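The next block holds one structure in the form of structure tokens; read it before the comments.
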Amino acid sequence: MSAFDFSKAVGSWKPVESECSEHGRFTAFSLPDGSIICPKCHDAKRDEEAKRRFFEERRAHLRNLAALPNRFANASFGEWAPASERAAQVKLCVMSYYRDIRDTPRQWHPLWLTGLLGTGKTHLLCALANNLCAVGISARYTTLASMLSEIKDAYSAADKTEAGQIAKFANSFDLLVIDEIDVMRATDNDKALLFAVINGRYNDLRAVAIASNQSPDSLGDFVTDRVVDRLRENSVVLVCDWASARSERAA
């Protein structure tokens, strides 16, 4: 195979004067096909493409970190159909919360979805996380049981510590979504670990969204009053009191 003759290739390009509607007069080489490209437009297009690839890779990375359950991996607000006027109001409030965290990620502004089984709380929270990831803001979904299990991995892993596992949930991710926060064994250790995460996020001004079948007044019986006290400050509490969609489908 003969070597590429760069000098001949360059020789086929001719420097020409031209004008760009955006950048004015410029001198550039005409390409072998006769086309002429404004150097500044070329650089802008290259930079825009690099930026697009960066954000696509970041969005994919954040979606992977979010650890959404497969059923709700592509959850969106658009496909969540309100079952009632009350449900429509709750959806609008969650969308407003999304915009609030999008615009100011670093804040203590808990979101509570509380109410009956099968009302779509998990879907709404996963849609919230998905929308944040799409604009480059990190979110992590977990159930309380799964979070406690991950923290306790430190007890049997030489390369992990309890403090490090707590910090992963307390000081990472712009939004932490804790589903089924009232489902726990309620041991003293479990309560202490949950408080460490919530208090860490409270002190670090990192948002948290929770879902529970318990009312705000009764949740303290499951997660301790200290946790509820933190969650009440500057919170948005949305009551999901319409009929279960799963029950309606089964009827």
Side-chain angles (χ1 to χ4, degrees), residues 65-69 71-72 75 80 87 90-91 93-94 97-98 100-101 107-130 132 138-153 162 165-242 244 246:
L65 284 180
L68 299 179
R71 179 179 291 276
F72 300 108
W80 194 87
V90 166
K91 177 181 177 179
C93 288
V94 177
Y97 183 85
Y98 152 72
D100 194 14
I101 300 302
Q107 59 174 309
W108 181 248
H109 186 32
L111 172 68
W112 292 33
L113 293 184
T114 178
L116 306 175
L117 292 168
T119 50
K121 298 186 294 296
T122 298
H123 185 131
L124 279 175
L125 291 180
C126 289
L128 169 63
N130 258 334
L132 289 173
S138 62
R140 170 66 195 273
Y141 170 91
T142 183
T143 63
L144 177 57
S146 294
M147 184 180 78
L148 294 175
S149 179
E150 281 193 50
I151 294 173
K152 293 174 186 177
D153 283 346
E162 181 183 88
Q165 293 295 89
I166 289 173
K168 180 174 68 174
F169 290 101
N171 307 118
S172 303
F173 317 112
D174 296 307
L175 173 71
L176 177 64
V177 174
I178 308 178
D179 204 355
E180 300 178 351
I181 195 171
D182 52 322
V183 180
M184 64 188 300
R185 291 186 300 163
T187 65
D188 289 343
N189 185 53
D190 285 353
K191 292 177 181 178
L193 293 177
L194 173 59
F195 177 75
V197 170
I198 296 299
N199 193 54
R201 297 190 70 82
Y202 175 83
N203 288 327
D204 210 24
L205 295 176
R206 293 185 180 272
V208 61
I210 66 169
S212 167
N213 297 327
Q214 306 300 321
S215 70
D217 291 336
S218 62
L219 185 59
D221 296 335
F222 296 81
V223 302
T224 76
D225 291 335
R226 290 198 304 166
V227 167
V228 171
D229 184 63
R230 299 293 192 281
L231 292 173
R232 282 186 182 278
E233 184 175 319
N234 198 33
S235 63
V236 175
V237 180
L238 302 175
V239 179
C240 305
D241 55 2
W242 49 90
S244 167
R246 286 190 289 269

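All figures in this text were calculated on a predicted structure; none of them were measured in a lab.
- With rounding to the nearest 0.5 Å, the separation of SG in Cys126 from CG in Asp179 is 7.0 Å.
- Between the side chain of Ser172 and the main chain of Phe169, no donor-acceptor pair closer than 3.5 Å is present.
- In this structure, Val94 and Val236 have side chains that are not in contact, with every pair of non-hydrogen atoms separated by 4.5 Å or more.
- The heavy-atom pair separating Val197 from Ala170 by the smallest distance is O-CB, 3.8 Å.
- In this structure, the side chains of Lys121 and Asn213 come closer than 4.5 Å at one or more pairs of heavy atoms.
- Taking 4.5 Å as the limit, every side-chain heavy atom of Leu148 sits out of range of all side-chain heavy atoms of Asn189.
- Atom CZ of Arg185 and atom NZ of Lys191 lie 12.5 Å apart (nearest 0.5 Å).
- Counting heavy-atom neighbours within 6.0 Å of Arg232 CZ, excluding the residue itself, gives a total above 12.
- Inter-residue side-chain proximity for Glu150 and Lys168 is flagged as met; some heavy-atom pair is nearer than 4.5 Å.
- Considering every non-hydrogen atom in both Tyr97 and Ala207, the closest pair reads OH-CB, 3.7 Å.
- A donor and an acceptor atom, one from each side chain of Asn199 and Arg230, are located under 3.5 Å apart.
- Among residues at least two apart or in separate chains, ring-ring contact (aromatic ring centres under 6.0 Å, His included) pairs with a member in residues 175-231 are Trp108-Tyr202.
- Side-chain contact between Arg206 and Leu176 is absent, with no heavy-atom pair separated by less than 4.5 Å.
- Put simply, CZ on Phe72 and CG on Asn130 are 11.5 Å apart, with the number rounded to the nearest 0.5 Å.
- Taking OG from Ser149 and CG from Leu193, the interatomic distance works out to 11.0 Å, rounded to the nearest 0.5 Å.
- Rounded to the nearest 0.5 Å, atoms SG (Cys240) and CG (Leu117) are 11.5 Å apart.
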- Message: Under the criterion side-chain contact (heavy atoms from CB on, under 4.5 Å), I'd like the reasoning laid out for Thr224 against Val228: C-alpha separation, chi angles, the key distance, then a yes or no.
- Response: CA-CA 7 Å; Thr224 76; Val228 171; over 6 Å; no
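- Contact detail for Val90 and Val239: the closest heavy-atom pair is CG2-O, 3.9 Å.
- Remark: Thr143 pairs with Ser146 by the side-chain hydrogen bond (donor to acceptor under 3.5 Å, both in side chains) rule, at least two apart or across chains.
- Taking all atoms of both residues into account, the shortest heavy-atom contact from Ile181 to Val223 is O-CG1, 3.3 Å.
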- Task: Check the pair Val177 / Leu175 against side-chain contact (heavy atoms from CB on, under 4.5 Å), numbers first and verdict last.
- Result: CA-CA 6 Å; Val177 174; Leu175 173 71; 3.8 Å; yes
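- A distance-only check finds no donor-acceptor pair linking the side chain of Ser235 to the backbone of Val237 [under 3.5 Å].
- No side-chain donor-acceptor contact under 3.5 Å links Trp112 to the backbone of Ala209.
- Separation of atoms CG (Leu113) and SG (Cys93) is listed at 10.0 Å; rounding is to 0.5 Å.
- Partners of Ser138 according to the side-chain hydrogen bond (donor to acceptor under 3.5 Å, both in side chains) rule, which considers only residues two or more places apart in sequence or in another chain, are Asp174.
- Taking both residues in full, the closest heavy atoms of Asp225 and Gly220 are given as OD1-CA, 3.6 Å, listed atom of the first, atom of the second, then distance.
- Looking only at side-chain heavy atoms (C-beta outward), Leu65 and Arg140 stay at 4.5 Å or farther from each other.
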- Message: Is there a side-chain contact (heavy atoms from CB on, under 4.5 Å) between Lys152 and Asp190? Walk through the geometry before answering.
- Response: CA-CA 10 Å; Lys152 293 174 186 177; Asp190 285 353; 2.6 Å; yes
- Task: Go through the steps for Leu111 and Ile210 under the test side-chain contact (heavy atoms from CB on, under 4.5 Å), then give the verdict.
- Result: CA-CA 6 Å; Leu111 172 68; Ile210 66 169; over 6 Å; no
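- Contact annotation: the side chain of Leu238 never approaches that of Thr114 to less than 4.5 Å [non-hydrogen atoms, C-beta and beyond].
- Gln107 and Ile101 make their closest contact through NE2-CD1, 3.8 Å (heavy atoms, listed as atom of the first residue, atom of the second, distance).
- By the 4.5 Å heavy-atom criterion applied to side chains, Arg71 and Thr122 are not counted as neighbours.
- By the 6.0 Å contact criterion, CG on Asn234 is enclosed, its count of non-hydrogen atoms from other residues, nucleotides or ligands being greater than 12.
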